Amino acid sequence: KNSNEPPVVFHWFPIIGSTITYGMDPPRFFVENRAKYGDVFTFVLLGRKTTVCLGPAGNDFVLNGKIRDVNAEEIYTVLTTPVFGRDVVYDCPNSKLMEQKKFMKIALTTEAFRQYVPIISDEVTSYFKRTADFKGQLGEVSIPPKMAEITIFTASHALQGKAIRDQFDESLAALYHDLDMGFSPINFTFHWAPLPWNNRRDHAQRTVAKLYMETIKRRRANPELDAQDMMFHLMNSTYKNGVQVPDHEIAHMMIALLMAGQHSSSSTSSWIMLLLASRPDIMEDLYQEQINALGPDLPPLQYEDLAKLPLHGAIVKETLRLHAPIHSIMRAVKQPLHVPGTKFVIPTNHVLMSAPGVSASDPVFFPKPDLWDPHRWLPDSPNAPSLSRAPAGEDEEKIDYGYGLVSKGAASPYLPFGAGRHRCIGEQFANVQLQTIIVEVVRLFKFRNVDSSNKVIGTDYASLFSRPLEPAVIHWERRE
Ligand code: HEM
Ligand SMILES: N#Cc1ccc(COc2ccc(/C=C/c3ccc(C(F)(F)[C@](O)(Cn4cnnn4)c4ccc(F)cc4F)nc3)cc2)cc1
């Protein structure tokens, strides 16, 4: 054991190591061990030495790591490739992923969002009209399953096109569920195991991919001129080496986007509804904001209206500060890595881990960090973030990895969408989708907790994306 490795978190057993304490509550695990060992420490996760680098400097070190030093696909491919399919995302060289992200971004333009807002609005309003759980004047309902349905309908219709969305009413929903069973942290380790759900996952992946490829052939035969959806753009994309994107890669990228959009948005939208139920006063502020900005008759929502609703935007921002769906970002170490400002050198048998959420709830940057206070993101708030401590210069700098300029600023304490080469390309879509859902829900209902308290339910960290524990019941009442 050479002396310049980071301190190791005390654990009783090898292999198991700290897996259970980490897996049960990662944020608590990070904060408790940061107090003991500082911003850089190693723990054993399912037999793997995992070195965490916390704080804005840690976020920068991991997320802006050079490609020769850190590698994402080696860690993630065992989890994602069986679900998405081959030759895309983490089953190809990073340079190919960068081109695939460029292609995906082409369908995520403001022009596309103009089309998506009415689509999302209609899916939300028609959902609440037809679902049994919201019949009558008032009632109680566990909200996460409802938000999972709303997000799959809104994301699939906007991003995948009406043909795919309509298949979610029957066959595709069951297939999606089987695919989803394979998207679990257990598969980080036991991906090879012929577990029953892995067989169902593989069958579902092949079936869904086939369904997409048939749709691609049909659309190529008679192109729907107006559809600017993701499939249309991927069908007209060509790699730098001149190769047109093959049909199976289009199908597999569509699955990847479906999984990304679904899990992140359904978790975040569930949190938003639960937090609004804990603060009915804020839900009224939202209704008032719409009336002040759009007029008392509340006309059908358009993309341009979202810019006039800053509190709606702050709801998403503040929810992601406390409930980012991805709590741990991991990289393989490709060569011994010196941690700047320390004597530590991280060896290549370690996995590197970033947890941006730790600095997002650090009192140094966010006064009363554990308080869900969307107003903190608006002017003149007492709890305004003091992001000025993060070196502003870096935030200004932008860099292009091949899919457009991204802010180099990984030294920021607020990174729910990551940073650097692997940064999210779905941020704008997620904001449009989530804010549109909030606008429509606020127009239809008033929420409160069943016991009228300000309590918020705990977090389930057992699945790949952190999400609310279930059942998470709220009381709803139809607005007159
Ligand atoms: C609230 C919503 C979302 C959150 C919080 C989120 C978060 C993230 C984070 C933290 C990363 C970086 C992962 C890493 O560095 O290992 C990421 C990457 C990515 N996300 Fe999202 N995401 C969201 C929605 C979406 C949506 C809607 C899409 C697609 C339409 C999407 C597609 C992607 C893609 C393609 C990457 C790139 C992965 C890579 O380059 O390795 N995400 N996202
Ligand atoms: N015992 C025990 C025990 C042990 C440990 C634990 C918990 O330990 C951990 C540790 C790490 C993690 C990491 C989460 C993680 C990483 C990558 C991805 C992803 F790749 F999939 C994604 O980024 C997702 N994404 C992006 N944007 N929106 N979605 C993505 C990218 C591109 C793409 F096209 C499609 C995508 F969808 N997803 C999730 C989760 C849990 C529990 C129990």
Side-chain angles (χ1 to χ4, degrees), residues 15-26 29 45-46 48 50 59 62-65 70-73 75-81 83-84 88-91 94 97-98 100-105 107-108 112 116 151 154-155 158-160 183-190 230 252-269 271-272 316-317 319-321 323-331 351-357 401-403 406 410 415-434 460-466:
I15 311 285
I16 295 283
S18 311
T19 300
I20 309 295
T21 36
Y22 161 77
M24 298 283 282
D25 189 340
F29 177 79
L45 173 59
L46 291 172
R48 311 268 286 266
T50 305
N59 297 341
V62 178
L63 301 178
N64 276 327
V70 296
N71 178 294
E73 59 269 25
I75 300 290
Y76 292 151
T77 187
V78 293
L79 169 93
T80 58
T81 301
V83 175
F84 301 166
V88 300
V89 188
Y90 299 122
D91 190 43
N94 183 268
L97 168 60
M98 295 300 115
Q100 291 174 355
K101 290 174 77 171
K102 178 183 58 181
F103 301 149
M104 294 173 190
K105 265 186 81 172
L108 302 172
Y116 295 165
T151 32
T154 51
L159 282 179
Q160 320 253 320
F183 219 33
S184 142
I186 301 170
N187 278 347
F188 266 128
T189 315
F190 304 112
M230 188 64 73
H252 297 170
M253 277 189 260
M254 294 295 284
I255 295 175
L257 293 166
L258 185 69
M259 300 307 276
Q262 177 53 22
H263 284 278
S264 53
S265 282
S266 95
S267 163
T268 307
S269 59
W271 280 119
I272 288 170
V316 178
K317 216 162 161 77
T319 301
L320 286 174
R321 183 180 70 80
H323 300 284
I326 296 180
H327 54 73
S328 304
I329 288 175
M330 296 186 296
R331 301 286 186 266
V351 170
L352 212 47
M353 183 180 274
S354 162
Y401 292 99
Y403 60 93
V406 291
L415 297 169
F417 294 98
R421 163 182 310 279
H422 293 281
R423 196 191 190 289
C424 184
I425 52 141
E427 175 175 5
Q428 291 73 26
F429 177 80
N431 272 304
V432 166
Q433 181 189 33
L434 293 165
D460 166 11
Y461 291 104
S463 76
L464 207 59
F465 299 76
S466 57

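Values below: every heavy atom of this structure, side chains too, minus hydrogens, waters and symmetry copies. First listed ligand is number 1; within each ligand, the first listed atom is number 1. Since we're looking at a predicted model, the values are computed, not measured.
For F84 and Y90, the distance between ring centers is not under 6.0 angstrom.
Heavy-atom proximity to K101, at under 4.0 Å, picks out these atoms of ligand 1: 37 (C), 39 (C), 40 (O). The M330 neighbourhood of ligand 2 comprises atoms 11 (C), with distances under 4.0 Å to a heavy atom of that residue. Heavy-atom proximity to L257, at under 4.0 Å, picks out these atoms of ligand 1: 29 (C), 30 (C). Shown in contact with L159 at under 4.0 Å from a heavy atom are these atoms of ligand 1, numbered in order with element: 30 (C). Atoms of ligand 2 lying under 4.0 Å from at least one heavy atom of A256, given by number and element, are 34 (F), 35 (C). Residue F84 approaches ligand 2 through these ligand atoms, each under 4.0 Å from one of its heavy atoms: 35 (C), 36 (C), 37 (F). Numbered from 1 in the order shown, with element, the atoms of ligand 2 that lie under 4.0 Å from a heavy atom of T80 read 20 (F), 21 (F). Within the listing of ligand 1, atoms 38 (C), 39 (C), 41 (O) sit less than 4.0 angstrom from a heavy atom of Y90. Interface atoms of ligand 1 facing L97, defined by a heavy-atom separation under 4.0 Å, are 39 (C), 40 (O), 41 (O). Every atom of ligand 1 with a heavy atom of T268 under 4.0 Å away is listed here by number and element: 1 (C). Of all atoms in ligand 2, listed by their number and element, those nearer than 4.0 Å to a heavy atom of A260 are 28 (N), 29 (N), 35 (C), 36 (C), 37 (F).
Proximity of atom 22 (C) of ligand 2 to the protein is not indicated, since no non-hydrogen protein atom lies closer than 4.0 angstrom. For atom 18 (C) of ligand 2, the nearest protein heavy atom is 4.0 Å or more away.
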Let me see the working for I329 and H422 under side chain to side chain contact (heavy atoms under 4.5 Å, CB included), right down to the final yes or no.
-> CA-CA 10 Å; I329 288 175; H422 293 281; over 6 Å; no
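Around atom 21 (Fe) of ligand 1, protein N, O or S atoms at less than 2.8 Å comprise C424 SG.
A donor-acceptor pair under 3.5 Å is absent between the side-chain atoms of T77 and the main chain of E73, judged by distance alone. No donor-acceptor pair under 3.5 Å is formed between the side chain of Q262 and the backbone N or O of A155. With Y403 contributing its side chain and R421 its backbone, the two residues share a donor-acceptor pair below 3.5 Å. Proximity of a side-chain donor or acceptor of K101 to a complementary backbone N or O of I425 within less than 3.5 Å is not detected. Under a 3.5 Å cut-off, the side chain of T154 and the backbone N or O of T151 do form a donor-acceptor pair.
Considering CE of M104 and CG of L159, their distance stands at 11.0 Å, rounded to 0.5 Å. In this structure, CD on E427 lies 11.5 Å from OG on S264, to the nearest 0.5 angstrom.
Residue H263 places no heavy atom under 4.0 Å from ligand 2. Within the structure, the closest approach of P325 to ligand 1 falls below 4.0 Å when heavy atoms are considered. The closest approach between L415 and ligand 1 stays at or above 4.0 Å for every heavy atom of the residue. Using a non-hydrogen distance threshold of 4.0 Å, R331 registers as a contact of ligand 1. Within the 4.0 Å heavy-atom shell around ligand 1 one finds P416.
The two residues I255 and V83 make their nearest non-hydrogen contact at CG2-O, 3.6 Å. Minimum heavy-atom separation, A462 to P185: O-CG, 3.2 Å. Between P356 and N59, the shortest heavy-atom contact is CA-OD1, 3.6 Å. The shortest heavy-atom contact between V78 and N187 is CG2-O, 3.9 Å. The heavy-atom pair separating S267 from P325 by the smallest distance is OG-CB, 4.2 Å. Taking both residues in full, the closest heavy atoms of D25 and Y461 are given as OD1-CE1, 3.6 Å, listed atom of the first, atom of the second, then distance.
Ranking the protein heavy atoms by distance from atom 38 (N) of ligand 2 puts F465 CZ, 3.7 Å first. For atom 5 (C) of ligand 2, the nearest non-hydrogen atom of the protein is Y22 CE2, 3.8 Å. Closest protein heavy atom to atom 2 (C) of ligand 2: T19 CG2, 3.6 Å. Of the protein's non-hydrogen atoms, the one nearest atom 31 (C) of ligand 2 is Y90 OH, 3.9 Å. Scanning all protein heavy atoms for the shortest distance to atom 26 (C) of ligand 2 gives I326 CD1, 3.8 Å. What sits closest to atom 16 (C) of ligand 2 on the protein, heavy atoms only, is Y76 CE2, 3.6 Å. Atom 32 (C) of ligand 2 has V89 CG1, 3.9 Å as its closest protein atom, hydrogens excluded (heavy atom only). From the protein, the heavy atom lying nearest to atom 13 (C) of ligand 2 is S328 O, 3.2 Å.
Side-chain atoms of S265 and S269 include no donor-acceptor pair closer than 3.5 Å. The closest side-chain donor-acceptor pair between Y22 and T50, if any, does not fall under 3.5 angstrom.
Around atom CZ of R48, no more than 12 heavy atoms belonging to other residues, nucleotides or ligands sit under 6.0 Å away.
Which of S267, P325, A430, G23 comes nearest to atom 43 (C) of ligand 2 through a heavy atom is settled by distance: it is G23. Remark: among candidates G357, S266, G261, the nearest residue to atom 27 (C) of ligand 1 is G261, based on non-hydrogen atoms. Of the listed options F465, F429, Y76, Y76 places a heavy atom closest to atom 16 (O) of ligand 1.
Note: F429 and Y116 have perpendicular aromatic rings, judged against thresholds of 30 and 60 degrees for the angle between ring planes. Relative orientation of the F465 and H263 rings is parallel, given thresholds of 30° and 60° on the angle between their planes.
The residue from V62, V351, N71, I75 that alone fulfils the side chain to side chain contact (heavy atoms under 4.5 Å, CB included) condition with R331 is V62.
Both the backbone and the side chain of L464 come within 4.0 Å of ligand 2, counting heavy atoms alone. The proximity of M253 to ligand 2, defined as any non-hydrogen pair under 4.0 Å, does not occur for either the backbone or the side chain.
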